[in-house]
Number of protein chains: 2
Amino acid sequence: MTRPVVAPDTSRLQEACRRAGLRMTHQRLELFRELVGSPGHPSAEELHQRLRERIPTLSLDTVYRTLATFEALGLVRRISSPDHVARYDANPSPHHHLVCVRCRSIEDFSWPAVDELELPPRAAGWGLVQGVRAEVWGVCSACRQRANRPVRLPPENRGR
Amino acid sequence: MTRPVVAPDTSRLQEACRRAGLRMTHQRLELFRELVGSPGHPSAEELHQRLRERIPTLSLDTVYRTLATFEALGLVRRISSPDHVARYDANPSPHHHLVCVRCRSIEDFSWPAVDELELPPRAAGWGLVQGVRAEVWGVCSACRQRANRPVRLPPENRGR
DNA sequence: TTAAATGCAAATGATTTGCTCTTGG
DNA sequence: CCAAGAGCAAATCATTTGCATTTAA
């Protein structure tokens, strides 16, 4: 890999839409820009909030539909957080996740050693492999300091 | 030998409940047995179905509450499928996942090379790491053969 | 006994869908 | 023009919660 050089480069979207015979709409363009232009792993809801400033009429279901389209085009990957809200990852370079089970944050990190590893035979023969990601879970530093309760014992957890 | 050799070894549950001061109920016991005794990564719904044969009065919400309790006790890990239903992994040994984005199956596989790897500094300093899992996604052989449609293009996907 | 746990039913909240109107090509 | 896409509202469906009843300790 060379260098990241990321300006919200819309050519990937243009290209993907053309190949698939899909129209290039204002909504798709802005959504794509928002996805690749900002870090983190936003949910559909968050993207909707942010984009309303630019496209006041944008509806939440269009965000959902567009994200599904992007996913089918391979432009984003829908990832699942410890929370039950879907989050979207538009970072095309191989990277891995640090997942905090307390605050549900997801941080990217790179781990070249994993990227370079060869899949074991069992996995290599499984089917068509599209990607590999390591998920490291635990409690982030911020949460460790903030709340020092040892374990979240009984039910009544998941304080939405 | 006179050792009973409990197939689904419930001692981990007993131990965990005692430490946490939780009661040992019929429901918890059976749910735990079902979890560790059968392979795969069942959803709450599936577990509920299976257990109704043994405990006809078992309610779905008890399954949810109990699974949340088990998770807090560290007995299972709630994993997220490409689908938006939560699945539960009670396999305590380190293992990794093969996720089919088409049929949403999740298969375990072992990958010692990853287990033996050291975390990069960024991850090591992130917080309290509880586990590491590699997620390999793609299309399983069965799905590749079955449906040979090239890509799932427009929306209207997610055929529940 | 008695706080914890279950079951039931109703609530919640994310995601999806039917249908009509709008718009890109 | 005219089918693909967007918007609106209503529907779904997994998951959660309030409350009365049961039960493990």
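- Taking atom CD of residue B:E46 and atom P of nucleotide D:dT15, one finds them 11 Å apart after rounding to whole Å.
- Contact record, B:F70 with B:L35: CD1-CD1, 3.8 Å, taken as the closest heavy-atom pair.
- What separates CD of B:E45 from C1' of D:dT15 is a distance of 11 Å, to the nearest Å.
- Along DNA chain D, the nucleotide nearest A:R52 and the nucleotide nearest B:T25 are compared for position; the residue whose nucleotide lies closer to the 5' end is A:R52.
- Per the geometry, CG belonging to A:L67 stands 13 Å off C1' belonging to C:dT16, to the nearest Å.
- Taking only distance into account, the side chain of A:R28 never meets the base of C:dG24 through a donor-acceptor pair shorter than 3.5 Å.
- In the interface, the side chain of A:R65 is paired with the base of C:dG18 through a donor and an acceptor atom under 3.5 Å apart.
- Rounded to an integer number of Å, the gap from A:H26 NE2 to D:dA6 P is 11 Å.
- Between A:L73 and A:A16, the closest heavy-atom pair is CD2-O, 4.1 Å.
- Whole-Å rounding puts the A:L29 CG to D:dA6 P distance at 12 Å.
- A:E135 has a carboxylate O that lies under 4.0 Å from a charged side-chain N of B:R77, or vice versa, which qualifies the two as a salt bridge.
- B:A124 and B:L119 make their closest contact through N-CB, 4.2 Å (heavy atoms, listed as atom of the first residue, atom of the second, distance).
- A residue-by-residue look at B:R23 and A:V63 shows that A:V63 has its nearest nucleotide of DNA chain D further toward the 5' end.
- In this structure, A:L60 atom CG and D:dA11 atom P are separated by 18 Å, rounded to whole Å.
- Figure legend: cation-pi geometry between A:R133 and A:W111 absent, as NZ or CZ is not positioned both under 6.0 Å from the six-membered ring centre and within 45° of its axis.
- Dashed line: the shortest gap from a side-chain N or O of A:Y64 to OP1 or OP2 of C:dT16 is not under 4.0 Å.
- If you check every strand for non-hydrogen atoms under 4.0 Å, A:T57 touches sugar and phosphate atoms only.
- In terms of phosphate contacts, A:T62 brings no side-chain nitrogen or oxygen within less than 4.0 Å of OP1 or OP2 of D:dA6.
- In this structure, B:Q27 reaches the sugar-phosphate backbone alone: every heavy-atom distance under 4.0 Å involves primed, P, OP1 or OP2 atoms, never a base.
- The interatomic distance linking B:D61 (CG) with D:dT22 (C1') rounds to 14 Å, in whole Å.
- Residue B:L31 contributes atom CG, which lies 11 Å from atom P of C:dG7 at whole-angstrom precision.
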